[in-house]
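Input: one structure, supplied below.
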Amino acid sequence: MAATALQLNPKPNAVECYQSKVQELTDVITHHSVRFRRIALGHLSNVADAEDAVQDALLSALTHVHQFRGQAKMSTWLTTIVINSARMKLRRRLTSVQLPLGETDGQQDLLLGNIVSDTRPGPEEAYREREIAATLAQATSRLSPTLRTTFQLRDIDGLSIRETSDLLGVPTGTIKARLARARVRLREVMGRSIRRKRERSYSRDGNC
């Protein structure tokens with residue numbers, strides 16, 4: 001009887017498992033393609049680059065779909081790949097702009113400088129932006145893993161409340177509550193950090 005039962009309910013083989021994953025991936029792409037493009041566009045601010053990043057992500061997902069273990073939703077897994085693809089493309093884009101500045105002749109440098117000069121911040125503004133970014137990164141690192149992940153997805157990666165909710169598998173009300181706690185905590189930490197920096201600055205000025 002046991003042998004008969006095993007024959008009637010065979011375990012799916014590797015080919016069937018792979019085909020099942022491919023079908024699930026296809027369904028996720030069909031239902032979430034617009035959201036994936038919106039996420040990539042939020043990182044890159046360029047439609048063509050966003051489309052390229054999504055295509056790269058989908059190709060990577062299809063190539064590595066056999067590695068999907070089902071520990072999270074397929075949509076969550078693919079969203080992570082899209083975000084990583086957009087970030088990689090952004091890094092490559094920044095690098096491609098920076099490299100010619102040191103490797104081309106003076107005329108090309110001048111031309112590139114004219115193109116980007118209006119969009120790049122001045123030294124003081126750049127310094128303030130770096131200081132704010134560093135302070136925010138330090139404050140974010142002090143959040144609990146749950147609050148940090150929620151804040152990262154919603155306020156840094158630009159996902160909507162619903163998308164963050166779907167990605168983390170919790171109700172939208174929980175996402176809103178986590179965000180509120182994270183933002184309050186960040187304001188407190190950043191406020192203290194800024195006050196300390198001002199006090200050090202006043203102290204240095206007073207000693208001059």
Side-chain angles (χ1 to χ4, degrees), residues 4-97 133 136-137 140-141 143-183:
T4 302
L6 288 174
Q7 292 174 358
L8 293 175
N9 299 283
K11 292 183 178 180
N13 58 37
V15 173
E16 291 174 342
C17 288
Y18 175 79
Q19 291 175 340
S20 176
K21 290 178 181 180
V22 170
Q23 183 58 55
E24 185 178 358
L25 178 63
T26 302
D27 293 341
V28 169
I29 294 172
T30 301
H31 288 91
H32 298 281
S33 59
V34 174
R35 180 166 68 91
F36 293 148
R37 286 196 294 272
R38 185 167 65 247
I39 291 171
L41 185 60
H43 283 79
L44 296 164
S45 302
N46 179 288
V47 174
D49 285 349
E51 291 284 355
D52 287 345
V54 172
Q55 290 299 322
D56 290 345
L58 299 186
L59 179 59
S60 177
L62 182 58
T63 303
H64 299 93
V65 70
H66 62 282
Q67 298 177 0
F68 179 69
R69 296 290 178 259
Q71 296 176 344
K73 293 181 179 179
M74 178 74 79
S75 58
T76 302
W77 180 70
L78 187 50
T79 298
T80 302
I81 296 176
V82 170
I83 291 172
N84 289 338
S85 176
R87 288 175 175 172
M88 289 177 61
K89 190 165 190 65
L90 180 59
R91 286 195 293 270
R92 289 196 298 268
R93 188 170 69 185
L94 293 175
T95 301
S96 67
V97 171
L136 178 59
T140 303
S141 68
L143 295 173
S144 68
T146 299
L147 295 184
R148 184 167 59 248
T149 300
T150 305
F151 177 79
Q152 170 78 32
L153 292 173
R154 176 67 183 94
D155 288 351
I156 297 180
D157 293 336
L159 273 65
S160 68
I161 294 291
R162 170 57 64 183
E163 290 166 346
T164 306
S165 170
D166 292 343
L167 194 61
L168 297 181
V170 298
T172 57
T174 301
I175 296 298
K176 293 177 181 178
R178 289 180 182 177
L179 284 172
R181 292 199 300 273
R183 290 165 180 168

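Just so you know, these numbers use all the heavy atoms, side chains as well, and skip hydrogens, waters and symmetry mates.
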Which donor-acceptor pairs under 3.5 Å do side chains of residues 160-175 form with protein atoms, sequence neighbours excluded?
| residue | atom | partner | partner atom | Å |
| --- | --- | --- | --- | --- |
| Ser160 | OG | Glu163 | N | 3.0 |
| Ser160 | OG | Glu163 | OE1 | 3.4 |
| Glu163 | OE1 | Ser160 | N | 2.9 |
| Glu163 | OE2 | Arg38 | NH2 | 2.2 |
| Thr164 | OG1 | Ser160 | O | 2.8 |
| Ser165 | OG | Val170 | O | 2.4 |

Please confirm whether the backbone N or O of Thr146 pairs with a side-chain atom of Thr150, one donor and one acceptor, at under 3.5 Å? yes
Side-chain (Thr26) to main-chain (Val22) donor-acceptor, under 3.5 angstrom: yes
Test item: Val47 and Arg37 side chains (from C-beta on) under 4.5 Å apart, heavy atoms: no
So, do Ile83 and Phe36 sit near enough that their side-chain heavy atoms are less than 4.5 Å apart? no
To the nearest 0.5 Å, what is the distance between CG on Asn84 and NZ on Lys89? 15.0 Å
Donor-acceptor pairs under 3.5 angstrom involving side-chain atoms of residues 49-64: please list them, not counting sequence neighbours.
| residue | atom | partner | partner atom | Å |
| --- | --- | --- | --- | --- |
| Asp49 | OD2 | Arg93 | NH1 | 2.7 |
| Thr63 | OG1 | Leu59 | O | 2.8 |
| His64 | ND1 | Ser60 | O | 2.8 |

Please report the shortest heavy-atom distance between Ser75 and Thr79, naming the atom on each side. O-OG1, 2.7 Å
Among all residues two or more places apart in sequence or in another chain, which pass the side chain to side chain contact (heavy atoms under 4.5 Å, CB included) test with Ala182? Leu143, Leu147, Phe151
What's the spacing between Ile81 CD1 and Thr76 OG1 if we round to 0.5 Å? 11.0 Å
Report yes if the side chains of Arg87 and Arg92 come closer than 4.5 Å at any heavy-atom pair, otherwise no. no
To the nearest 0.5 Å, tell me how far Trp77 CH2 sits from Leu25 CG. 6.0 Å
Hey, could you give me the NE2/SG distance between His66 and Cys17, rounded to the nearest 0.5 Å? 13.0 Å
So how far is it from Leu90 CG to Ser85 OG, rounded to the nearest 0.5 Å? 11.0 Å
Atom pair CD (Glu16) and CD (Gln19), whose distance is rounded to the nearest 0.5 Å: 7.0 Å
Lys21 vs Arg69, side-chain contact (heavy atoms from CB on, under 4.5 Å): CA-CA, chis, key distance, verdict: CA-CA 10 Å; Lys21 290 178 181 180; Arg69 296 290 178 259; 3.9 Å; yes
Is the shortest heavy-atom distance from the side chain of Leu159 to the side chain of Arg154 under 4.5 Å? no
